[in-house]
Amino acid sequence: MKVLVLNCGSSSIKYQFIDTDRKFALAKGQVERIGMASAVLTHEPHNRDKIRIVGEILDHTIAIEYVLAVMLSPNHGVIRDKSEIDAVGHRVVHGGETFSGSVLVTEKVMDALKDNIELAPLHNPPNIRGIEAAKKHMPDTPQCGVFDTAFHVKMPPRAYLYGIPYELYRRHKIRRYGFHGTSHRFVSLRAADLMNKPYNELKIITAHLGNGGSMAAVKFGQSIDTTMGFTPLEGLLMGTRCGDMDPSVIVYIMGKEGLNLGEANTLMNKHSGLVGLSGGSSDMREIEEAVAEGDKKAKNAFDVFTYRIKKYIGAYASAMGGVDAVVFTGGIGENSSNVRKAVCEEMEFIGIELDDVKNENAKGEMDLSKDNSKVRILRIPTNEELVIAMDTEQIVKEQLESA
Ligand code: ADP
């Protein structure tokens with residue numbers, strides 16, 4: 001099956017056109033600066049040159065029109081007719097408590113997505129606009145929604161409840177939701193495959209470390225806890241987000257610095273984390289370069305970043321009553337041997353023993369642990385688009401079978 005995977009943000013659309021039989025992208029690209037006069041479309045068909053088109057793209061409907069046009073173009077295209085797109089898979093950030101798995105988008109699903117806008121005011125509206133735009137251009141093509149939150153929805157109450165009046169959970173749905181679910185699901189499944197063991201017998205800790213970062217405790221194939229919370233702000237230190245913090249700190253800063261709610265939100269989401277602590281960059285490569293040059297603030301940022309991951313490994317091993325594997329993924333998890341080394345230092349007591357040579361030479365899917373390490377330490381590149389495409393294929397096939 002050929003699935004167009006769309007990830008629609010407020011001013012951008014990332015896409016991949018995936019052949020699910022071969023598990024491979026025939027083309028990928030993105031539209032950036034939607035709504036501006038000089039929007040940019042970059043399109044890269046497999047094994048051919050990347051192209052870049054600049055033009056006025058006022059909204060998501062026009063952006064998808066451009067994407068379809070370039071996919072159909074004689075020189076850079078990958079299809080001859082729109083009907084070659086068997087289905088469209090949409091990444092949707094927040095499914096609230098409604099969705100514990102991927103779904104075929106129906107009118108009822110659209111209503112539920114709209115009901116969840118309050119929970120993700122920045123993410124869900126562009127996701128909805130993307131679905132509406134795709135439906136407009138491809139009215140007869142099945143559209144599926146794959147949620148970042150779905151993998152975590154079945155966490156037990158002890159993991160998702162906050163210590164605030166229960167009524168607030170009932171009234172406003174304030175609870176831990178967790179995000180990056182497609183990535184945690186994908187890499188934990190791959191880990192079981194690599195280890196050649198049944199998924200539902202393993203205790204796996206997954207660390208998705210990109211600009212945003214989160215970890216999950218995956219026990220017997222089920223996420224039982226995760227570091228991100230009501231929003232993607234909680235948990236690990238991230239590129240620009242503060243992660244865990246005493247909630248009083250923000251109230252105190254608002255008073256001291258005279259910040260309003262919006263400014264406080266921006267401070268925690270955009271000016272904190274690696275960039276806030278280092279006073280320089282949110283990019284781990286640049287942090288590591290600065291550390292190598294002896295920059296103390298960058299070293300603090302690096303240490304807080306890795307220490308928190310280490311603490312959560314301990315916490316999740318306790319939560320699961322043991323751990324069989326730790327998986328590193330995302331731009332930092334896959335590429336930073338320094339981060340992996342710092343995280344795994346002095347973890348022998350729990351059975352985590354990193355092989356320094358393997359760690360330095362890591363590539364592809366790889367076991368980085370010493371042969372006698374009780375816990376496997378795995379590098380597994382994530383592929384959220386492939387998960388979306390595979391889920392979409394499964395839903396469409398089930399639909400056809402039941403028709
Ligand atoms: P996003 O969350 O935006 O998808 P990515 O998963 O692409 O982000 O991760 C981006 C992060 O990965 C950046 O902090 C970047 O510095 C880091 N990164 C990429 N390559 C390396 C590398 N070789 N060494 C250290 N960090 C890296």
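Note that this is a predicted model, so its numbers are computed, not measured. All ligand and atom numbering here is 1-based and tracks the order in the structure.
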### Task
Answer yes or no: does an N/O atom from Gly330 fall short of 3.5 Å to an N/O atom of ligand 1?
no
### Ser336 and Asn338: side chain donor to acceptor below 3.5 Å
no
Solution key, residues 266-277 side-chain donor-acceptor pairs under 3.5 Å, sequence neighbours excluded:
from	atom 1	to	atom 2	distance (Å)
Thr266	OG1	Gly262	O	2.9
Asn269	ND2	Asn265	O	3.0
Asn269	ND2	Asn265	OD1	3.2
Ser272	OG	Leu267	O	2.6

### Query
Is there a protein heavy atom at a distance of less than 4.0 Å from atom 6 (O) of ligand 1?
yes
### Summary
In ligand 1, the atoms that come under 4.0 Å of a heavy atom of Ser336 are 25 (C)
### Task
Between Thr329, Asp283, Asn335, flag the one that comes closest to atom 15 (C) of ligand 1 by a heavy atom.
Asp283
### Message
I need the minimum non-hydrogen distance between Arg91 and Ile388, along with the two atoms involved.
### Response
CB-CD1, 3.7 Å
### Message
Return the closest protein heavy atom for atom 17 (C) of ligand 1 as residue, atom name and distance.
### Response
Ile332 CG1, 3.5 Å
### Task
Nearest heavy atom to atom 27 (C) of ligand 1 wins, so pick from Glu288, Arg285, Glu289.
Arg285
### Query
Got a donor-acceptor contact below 3.5 angstrom from the His184 side chain to the Ala217 backbone?
no
Contacts table for residues 45-58: side-chain donor-acceptor under 3.5 angstrom, sequence neighbours left out:
from	atom 1	to	atom 2	distance (Å)
Arg48	NH1	Asn75	O	3.2
Arg48	NH1	Gly77	O	3.3
Arg48	NH2	Gly77	O	2.8

### Message
Can a donor-acceptor pair be found, under 3.5 Å and without considering hydrogens, that links the side chain of Arg379 to the backbone of Glu365?
### Response
no
### Summary
Residue, atom and distance of the protein heavy atom nearest atom 3 (O) of ligand 1 read Asn211 ND2, 2.9 Å
## Note on the structure
Ranked by distance from atom 14 (O) of ligand 1, the top protein heavy atom is Met284 N, 3.0 Å
### Message
Heavy atom to atom 9 (O) of ligand 1, shortest distance: which of Pro381, Gly331, Gly212 holds it?
### Response
Gly331
### Message
Assess the residue pair Asp324 and Lys374 against the criterion (salt bridge (Lys or Arg N to Asp or Glu O under 4.0 Å)); give the C-alpha distance rounded to whole Å, side-chain angles, the decisive distance to 0.1 Å, and a yes or no.
### Response
CA-CA 7 Å; Asp324 298 304; Lys374 257 173 47 199; over 6 Å; no
